[in-house]
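Lettering follows sequence order; numbering is per chain, from 1.
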Protein chains: 2
Amino acid sequence: MDVDRPRKPTLDTVAGAVGVSRATVSNAYNRPDQLSAALRERILETAAALGYPGPDPVARSLATRHSAAVAFMLGQQLSASFSDPALSIVLDGLASTVDGHDHCLVLMPGGADRGGPRPQTVARAQADVVVAYSLPDDAPALAAVRARGLPMVVIDQPVLPDTARVEVDDAGGARLAAAHLLELGHRRFAVVTFSLRPDGGNGPASPARLAEATFRVSRDRLTGYLSELRAAGVVDVPVWECSGSRRELSRSAGRTLLTGDDRPTAVLCASDELAFGVLQAARDLGLAVPEDVSVVGFDDVPAAEHAEPPLTTVRQPLVDKGRHAGELALRLLDGGRPGPPTRLAVTLVERASTALHT
Amino acid sequence: MDVDRPRKPTLDTVAGAVGVSRATVSNAYNRPDQLSAALRERILETAAALGYPGPDPVARSLATRHSAAVAFMLGQQLSASFSDPALSIVLDGLASTVDGHDHCLVLMPGGADRGGPRPQTVARAQADVVVAYSLPDDAPALAAVRARGLPMVVIDQPVLPDTARVEVDDAGGARLAAAHLLELGHRRFAVVTFSLRPDGGNGPASPARLAEATFRVSRDRLTGYLSELRAAGVVDVPVWECSGSRRELSRSAGRTLLTGDDRPTAVLCASDELAFGVLQAARDLGLAVPEDVSVVGFDDVPAAEHAEPPLTTVRQPLVDKGRHAGELALRLLDGGRPGPPTRLAVTLVERASTALHT
DNA sequence: TTGTAGGCGTTATCAT
DNA sequence: ATGATAACGCCTACAA
């Protein structure tokens, strides 16, 4: 008559009850062909009677050295996964690839400073492969993943040794947009970008700060915009950095930028979300788009088409981005090697938010 | 001169190299105050030199018996988490609560049949608490979670012993909507619902099928609609079941329902997404909303306000739903008891898609 | 402050 | 077909 507290049954408990060894019980669950149907039946029954929930997943992971999960690291709060339009489309693509492979998708929190998950968080995450999305180039999380020796695929990140990668021609897309505006006769521009560095910077960005940008996407889009303009002789373009890709931020940026006599006739934004804010700012100031000011975005999220006016923007294949990342991740999961990066094309989508400068 | 293959270093390796015990190395990572700063420093240095990535998360989980993760089970594909508007708002709320607690969010794939994760998937998932959302009442996944003894919080599910729960008054909301339409003088109705059972059913739903519905949400909204109508003497209301909450499905449903002389003058939908499809169907058929037919939705997702025409709908606090679920989950994580269910209110939002029946 | 020893629950490799 | 036994890598009293 034991007085033990009701401890959860384990493989051992069941083995003892049935009178077989642990190995056999384990086999009953994982290799039905390794034991007689009758014995297996008896084991499973006793297990049920004992309330044994089946092999513990953590213990199994320890023994098998894999956990049937793919992790996703982002540079933002967890909730951005579901609220940021562009990000959630990428995740949709990733998820649709992972779906049907019976793997869980582990979302790692990125911390409020946009710097990506803390190394400690990475160290604790249980996954067989990790997908990193738009982290600062020098994010500690990237090093932490490498330290753990986990295979990784990066999206919108610089080249990293031994890492699969899907990339988009951000600079080229940005140039397309700038060229479009130049063709329309614009000569006075402004640029609105999201974070250049994960430090919450918000406001006009100095050339020095531009040079120090650690977010590859911001940097490339910005460089694309500015270099195309410079090639056409347009210099001294004001750049406004928003601390995130949220329209409230660009709205107030827009209100400043679009005020004054020498206000720009065209605003280049690093994302559609930022462009929406600028559109709102123009409305706030009584400026007509595109008559008074042209606005272009980047991404071509679904809302771009329904904006007021419909937004001219650079389309990038967001779903494909996620999908490819997923495929690369699955390949790495199977022990495959990284291989060359997947390159995705961008296109300019001309809508009604841009027009000839009259 | 060993010829070992380069095996990954473990706590032991480091301990050996430094000349201390495993426990001390472990403490260096987890309890800095348990050893001298100097020794700790030396340990960490050697670890770095050896390429030791720090304590293995799986082994740690096995020993500590928790894994710093909260799991989310849904009745759909993983990708629905990011593409289904209502679901992603709930997840946004959940994520914003979990954010800052340094826990990962584990999304479990639900399988294509909407029946929820397979028991086997549940058995392998590594998490300390699980949140279940809108699964069939008899989903095997629910039993699997209980079998594992994991604490659980359910959203939009029937009462379950020993389980935290957040619930919404779906039936009441539905009654509100039906009453609204009755007041406007409507007498001929149709109802469009999403899945009643996880079997892909799509088409007119018989009373028998209604009675057998296993999705609590579908059942309650449907019951709310029909009982309110019945109380007003309106019977024989056709119900169309769509196999998912997607507008393409309800669009074709709508085209059938809105055809014929005795077509309904009002359509009650189980979700906004379904209502959008019906709106489209009306357009397809050249019917004006609300002049020819009134349409109401359920949820009040952001798009409802911008629909053409703006959609009358039952608002439920989606973000709060997720947030509360998150709070309950965190409480369970801390060893708290389930407590009474959190009840959330719904309200009718009258917009332009409903009007007097003339 | 540091070390010892036992445990966490499985899987995997050989024998038998 | 089954069973011993050794990993898997770490945590944590408790002892020293």
Side-chain angles (χ1 to χ4, degrees), chain A residues 4-5 7-43 46-47 50-68 120 123-126 128 147-150, chain B residues 4-5 7-43 46-47 50-68 120 123-126 128 147-150:
Chain A
D4 301 283
R5 52 203 175 313
R7 206 196 178 74
K8 253 184 22 185
T10 77
L11 216 43
D12 254 336
T13 320
V14 179
V18 181
V20 296
S21 76
R22 276 184 315 203
T24 303
V25 178
S26 174
N27 282 335
Y29 283 95
N30 303 314
R31 308 179 175 179
D33 52 317
Q34 294 296 297
L35 72 175
S36 66
L39 177 54
R40 179 174 135 89
E41 183 65 13
R42 214 171 86 228
I43 291 176
T46 341
L50 258 41
Y52 174 66
D56 177 281
V58 176
R60 162 184 273 149
S61 284
L62 180 60
T64 60
R65 317 168 70 49
H66 53 75
S67 45
Q120 182 193 333
R124 304 180 101 95
Q126 303 183 174
D128 302 323
R148 278 189 52 185
L150 285 178
Chain B
D4 301 284
R5 52 203 177 313
R7 205 197 179 75
K8 255 187 17 186
T10 77
L11 259 193
D12 255 336
T13 321
V14 179
V18 180
V20 297
S21 76
R22 279 185 315 202
T24 304
V25 179
S26 173
N27 283 334
Y29 283 95
N30 304 314
R31 308 180 175 180
D33 52 317
Q34 294 296 297
L35 71 175
S36 66
L39 177 55
R40 177 174 137 88
E41 182 65 15
R42 215 170 86 227
I43 291 177
T46 333
L50 258 41
Y52 174 66
D56 177 281
V58 177
R60 161 183 283 162
S61 285
L62 180 59
T64 60
R65 318 170 69 49
H66 52 75
S67 45
Q120 182 193 333
R124 303 179 101 96
Q126 302 180 175
D128 302 323
R148 279 189 53 184
L150 285 177

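Regarding B:L35, its CG atom lies at a distance of 14 Å from the P atom of D:dC11, rounded to whole Å. Per the geometry, CG belonging to B:N27 stands 9 Å off P belonging to D:dC11, to the nearest Å. Protein atom CG of A:D56 is 6 Å distant from nucleotide atom C1' of C:dG9, rounded to whole Å. Rounded to an integer number of Å, the gap from B:Q34 CD to D:dA16 P is 18 Å. Atom CZ in B:R60 sits roughly 5 Å away from atom P in D:dC11 (whole-Å rounding). In this structure, A:D12 atom CG and C:dT10 atom C1' are separated by 10 Å, rounded to whole Å. Atom NE2 in B:H66 sits about 14 Å away from atom P in C:dG9, given to the nearest Å. Across the protein-nucleic acid pair, B:L62 atom CG and D:dC11 atom P stand 11 Å apart, rounded to whole Å.
Nearest-nucleotide positions on DNA chain D place A:G19 closer to the 5' end than the other of A:G19 and B:A23.
Between A:S21 and D:dT2, a side-chain N or O to OP1/OP2 separation shorter than 4.0 Å is absent. For B:S26 and D:dC11, the shortest distance from a side-chain N or O to OP1 or OP2 is below 4.0 Å. Using a 4.0 Å cut-off, some side-chain N or O of B:N30 falls inside it from OP1 or OP2 of D:dC11. Contact between the side-chain N/O atoms of B:R65 and the OP1/OP2 oxygens of C:dC8 is not found at any separation under 4.0 Å. Close to C:dA12, at under 4.0 Å from its OP1 or OP2, lies no side-chain N or O of A:T64. Residue B:Y29 places no side-chain N or O under 4.0 Å from the OP1 or OP2 atom of D:dG9.
Counting any heavy atom pair closer than 4.0 Å across all strands shown, A:L11 reaches a base atom. Looking at heavy-atom distances under 4.0 Å, B:V20 makes contact with sugar-phosphate atoms alone, never a base.
The OH atom of B:Y52 sits 12.5 Å away from the OG1 atom of B:T46 when rounded to the nearest 0.5 Å. For the atom pair OG of B:S26 and CZ of B:R60, the computed distance is 7.5 Å after rounding to the nearest 0.5 Å. Note that CG of A:D56 and CZ of B:R124 are 12.0 Å apart. Values are rounded to the nearest 0.5 Å.
No side-chain donor-acceptor contact under 3.5 Å links B:K8 to the backbone of B:P53. In this structure a side-chain-to-backbone donor-acceptor pair under 3.5 Å is present from A:D128 to A:A68. Not one N or O on the side chain of B:R40 forms a donor-acceptor pair closer than 3.5 Å with the backbone of B:N27.
Nearest nucleotide to the side chain of A:R31, out of C:dT13, D:dC11, C:dC8: C:dT13. Among D:dT2, C:dT10, D:dC11, the nucleotide with an atom closest to any side-chain atom of B:R22 is D:dC11. Which of D:dG3, C:dT2, C:dG9 sits closest to the side chain of B:L39 comes down to C:dT2. Set against D:dC10, D:dT2, C:dT11, the side chain of A:A63 has C:dT11 as its closest nucleotide.
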